[in-house]
Amino acid sequence: MSSQRPGKERFRFVKYLWQDEVAGQLDGVDRLVYRSNKLGEDLTLTNTGGGNTSSKLTETDPLTHEPVEVLWLKGSGGDLRTAKRDGFASLYLDKVRAMKSLYLNDPNRGPKTPIEDVMYPMYSHCVFNLNPRACSIDTPLHTLVPYKHVDHLHPNAVIAIAASVNQEKLTKEIYGDEVIYIPWQRPGFDIGLKIEQLIKDNPQARGILLGHHGMSSWNNDDETCYETALEIIDRAARFIEDHDKGAQTFGGQKHQALTETDRKRLQSEIIPFIRGQVSVYKRFVGTVQDDEKMLRFVNSNDGPRLAALGTSCPDHFLRTKIKPLFVDWDPASGDIEKLKTSIADGLVQYRKDYEAYYNKCKRPDSPAMRDPNPTVVLISGLGMVAWGKNKSESRVTAEFYNCAIEVMRGAEAIDQYEAMDQQEAFDIEYWNLEEAKLRRMPPEKELDRQIVVVIGAGAGIGKAAAHRLVKEGAHIVCVDVDEAAAKETAQEIIAKYGEGIGVAGSGISNCGPAIGLACDITNRDSVARLFQDVMLAYGGLDAVVVTAGIFVPPDKTGRIEDKLWSRTFNINVTGAYIVADEAYKIFNQQGLRGNIVLTTSANAVVAKKGSLAYDTSKAAANHPVRELAIEMAPLVRVNAVAPATVVKGSTMFPRDRVIASLTKYEIPFSESESDDELREKLASFYAKRSLTQTPIEPDDQAEAIFLLLSQRLSKTTGHVIPVDGGLQDGFMR
């Protein structure tokens with residue numbers, strides 16, 4: 001590699017994103033944040049949450065007001081692409097370097113010795129300016145490299161070299177003496193000291209390749225450090241490209257790709273079955289990947305062999321486990337039942353293999369065995385379904401296995417792929433520091449791991465329910481006949497809670513905590529398509545809430561046309577049944593307990609003039625709650641909420657209806673008053689008819705819906721819960 005600063009045109013496989021006009025306006029930590037973000041923006045350089053960067057900067061000590069050297073580095077759990085200033089830890093450099101003697105004075109020091117783990121909590125004694133951000137386990141590497149700036153990354157192209165049988169020889173062939181090689185060793189002080197010595201012995205080196213791990217670059221100029229990282233990665237990618245096997249990649253294709261239509265249909269049929277099978281201990285949320293690269297791998301001759309070897313580096317298998325479940329099924333047969341059998345049998349064997357791996361590698365102080373189910377399932381013809389406790393985790397898992405496939409492609413092109421040693425893999429997976437990280441995670445919320453479809457989420461009770469349920473951890477599919485309104489609610493949720501992390505998922509599966517979809521619940525085909533999309537987006541279903549409804553006022557003579565009568569019943573009764581019936585198919589495929597909550601009305605039992613079609617349809621809607629509860633027991637609980645008149649936020653109360661009601665009840669109003677003012681008057685009138693004398697609002701219904709979906713009312717099914725402020729005429733009789 002040239003020691004001259006390269007122009008961006010020299011790079012073929014990485015993006016040169018540094019802009020002097022932007023970086024020139026920054027200094028100190030802000031330049032480090034900028035450099036980190038530019039590295040993270042190029043997905044070929046590292047993965048979500050992976051890699052770390054550092055700068056050794058002069059700061060003013062808050063106690064002495066004297067200048068001190070401070071090591072700033074990306075903290076544990078952060079992401080280079082999205083990191084801000086608060087994502088970086090800061091340590092007094094002299095104090096961290098003083099820890100070197102603490103380590104060297106231990107007679108039992110060495111890789112994976114107790115002193116290695118003892119060192120990590122000692123960083124808390126070195127914190128500069130009370131910074132609460134936890135340090136990276138790679139802190140020794142950044143500390144002991146004798147340059148101001150260090151970039152440590154996990155690019156696929158470099159890991160392909162680092163996961164080849166002849167990794168040391170290839171490093172020399174590709175980089176000469178400008179990149180040092182060091183075999184795999186778990187991060188810690190020992191490997192930091194070894195790298196420090198290697199740099200002393202090889203002062204010309206500009207970076208290092210870490211076996212089965214990644215690479216690091218360094219320089220006293222931050223832009224040069226950035227460019228050096230790009231050059232190391234680009235050179236690896238060029239070398240792989242020069243040896244690419246084309247159509248013979250992964251031994252060529254064993255299976256022909258299915259059409260997208262057939263693939264999506266089969267995926268939506270098999271995914272809920274898989275979810276039920278892998279959710280033995282806790283439920284999972286899924287991400288589907290079936291792009292060209294994924295299909296090339298799962299349809300190949302060598303895919304099963306390579307997948308069985310296991311993944312190549314710790315950043316991958318901490319998410320993907322030691323290996324995926326590969327189901328070598330003939331997609332041309334279209335035999336879904338045979339596929340289910342293969343999956344079920346494969347899972348039984350996978351769990352046995354994982355238990356054997358644990359028992360073979362465990363140590364006296366190892367944590368208890370974790371969930372033995374796979375987090376990655378590969379199926380010939382269909383692609384990959386990755387699983388996690390939430391959408392972000394499953395997207396990251398999918399992203400990491402995408403990376404694992406690229407590593408295998410590169411390694412097989414230039415040499416022969418070599419998975420990580422099982423014992424070394426186990427010692428990372430069950431490392432006490434990793435276990436401590438898991439224990440520090442906040443407790444799960446009541447609806448975590450759950451996927452809830454809310455129909456009618458574009459406004460009123462449905463919108464309120466969507467916001468209430470996501471607050472408790474649920475993933476929300478916002479559904480409305482008005483697609484724009486459904487998407488608006490979903491976007492409100494995303495704006496509040498974020499899009500999540502991970503850069504994976506094909507099509508609709510590349511979603512966050514909420515999505516907006518259109519559906520006509522009176523059309524069974526439309527409902528079936530909705531649930532197919534839900535399977536592809538999130539991999540399953542846990543609850544359905546139906547708040548969609550319609551009120552058709554009579555004409556001036558007090559009559560309702562037959563077609564409007566039919567429309568009222570189609571939406572308020574038949575539509576709710578169709579939704580429940582289609583959802584039940586998925587609940588059965590999963591074999592996991594589910595919930596259905598419908599919305600009826602106090603009007604179902606309180607007769608009044610002027611709403612004949614609506615009131616009778618709601619009366620009719622009450623009984624399916626009881627019937628469905630019997631039909632679907634014990635797998636699914638079916639309940640309903642029965643609000644009194646909810647005016648606020650309801651699409652069933654446009655201005656003309658509100659004015660008609662105010663006129664009917666002889667409530668004074670002015671045409672100049674706003675819609676909200678008029679609705680408030682009508683709501684206050686309705687409130688006075690109740691025992692609690694309070695208006696009934698969407699949030700009140702949302703709270704009842706949440707209670708019915710939670711475990712708080714887990715023994716309640718077949719009931720209609722009134723949320724009406726206390727209407728005497730509606731009392732049970």
Side-chain angles (χ1 to χ4, degrees), residues 454-457 459-466 468-469 521 543-552 568-569 571-577 579-580 595-630 636-653 661 682-683 685-710 712-713 715-733:
V454 180
I455 296 177
I461 296 171
K463 181 186 279 280
R468 179 68 184 91
L469 299 175
I521 64 172
V544 178
V545 178
V546 182
T547 67
I550 186 172
F551 175 90
V552 178
T568 300
F569 273 76
I571 293 173
N572 293 350
V573 185
T574 307
Y577 164 71
V579 169
N595 264 302
I596 296 174
V597 177
L598 307 180
T599 307
T600 65
S601 173
N603 288 23
V605 294
V606 180
K608 65 178 184 177
K609 189 175 179 62
S611 56
L612 178 61
Y614 180 79
D615 292 0
T616 52
S617 72
K618 289 299 184 178
N622 269 354
H623 202 55
V625 175
R626 298 180 275 267
E627 295 284 350
L628 290 170
I630 294 170
V636 182
R637 291 194 295 118
V638 184
N639 293 287
V641 294
T645 310
V646 178
V647 178
K648 181 180 179 181
S650 174
T651 57
M652 290 194 290
F653 278 90
S661 296
L682 184 59
F685 169 78
Y686 287 135
K688 290 174 183 176
R689 301 189 303 183
S690 72
L691 296 176
T692 60
Q693 300 278 295
T694 54
I696 308 303
E697 299 191 348
D699 287 346
D700 301 318
Q701 313 306 318
E703 192 66 29
I705 290 167
F706 158 64
L707 289 171
L708 287 168
L709 294 188
S710 73
R712 302 184 191 195
L713 294 180
K715 307 297 172 63
T716 300
T717 188
H719 285 274
V720 179
I721 308 295
V723 189
D724 56 16
L727 293 178
Q728 287 172 278
D729 291 346
F731 284 176
M732 185 182 297
R733 53 182 171 300

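Atoms considered below: every heavy atom in the structure, side chains included; atoms not considered: hydrogens, waters and symmetry mates.
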Search all heavy atoms of [X] against all heavy atoms of [Y] and return the closest pair with its distance.
{"X": "I455", "Y": "V544", "answer": "CD1-CG1, 4.5 Å"}
{"X": "T599", "Y": "K618", "answer": "O-NZ, 3.0 Å"}
{"X": "A580", "Y": "L628", "answer": "CB-CD1, 3.8 Å"}
{"X": "D724", "Y": "P643", "answer": "CB-C, 4.5 Å"}
{"X": "S617", "Y": "V573", "answer": "O-CG2, 3.2 Å"}
{"X": "R626", "Y": "G718", "answer": "CG-O, 3.5 Å"}

Could you give the distance from [atom1] ([X]) to [atom2] ([Y]), rounded to the nearest 0.5 Å?
{"X": "I721", "Y": "T716", "atom1": "CD1", "atom2": "OG1", "answer": "6.0 Å"}
{"X": "K463", "Y": "D699", "atom1": "NZ", "atom2": "CG", "answer": "12.0 Å"}
{"X": "F551", "Y": "N603", "atom1": "CZ", "atom2": "CG", "answer": "8.0 Å"}
{"X": "L598", "Y": "N639", "atom1": "CG", "atom2": "CG", "answer": "9.0 Å"}
{"X": "Y577", "Y": "E627", "atom1": "OH", "atom2": "CD", "answer": "11.0 Å"}
{"X": "E703", "Y": "L707", "atom1": "CD", "atom2": "CG", "answer": "5.5 Å"}

Do any N or O atoms from the side chain of D700 and from the backbone of E697 form a donor-acceptor pair under 3.5 angstrom? yes
Hey, is the main chain of V723 close enough, under 3.5 Å, to the side chain of Q701 for a donor-acceptor pair?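 Yes; at least one donor-acceptor contact below 3.5 Å.
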Please determine whether side-chain contact (heavy atoms from CB on, under 4.5 Å) holds for the pair V597 and V546, giving the CA-CA distance in whole Å, both sets of side-chain angles, and the decisive distance to 0.1 Å. CA-CA 6 Å; V597 177; V546 182; over 6 Å; no
State, with a plain yes or no, whether a side-chain heavy atom of I550 is found less than 4.5 Å away from one of Y614. no
Taking it one step at a time, do I461 and I705 satisfy side-chain contact (heavy atoms from CB on, under 4.5 Å)? CA-CA 10 Å; I461 296 171; I705 290 167; 4.0 Å; yes
Partner residues of N595 under the side chain to side chain contact (heavy atoms under 4.5 Å, CB included) criterion, sequence neighbours left out: A543, R637, L709
Side-chain donor-acceptor pair under 3.5 Å between T568 and N572, yes or no? no
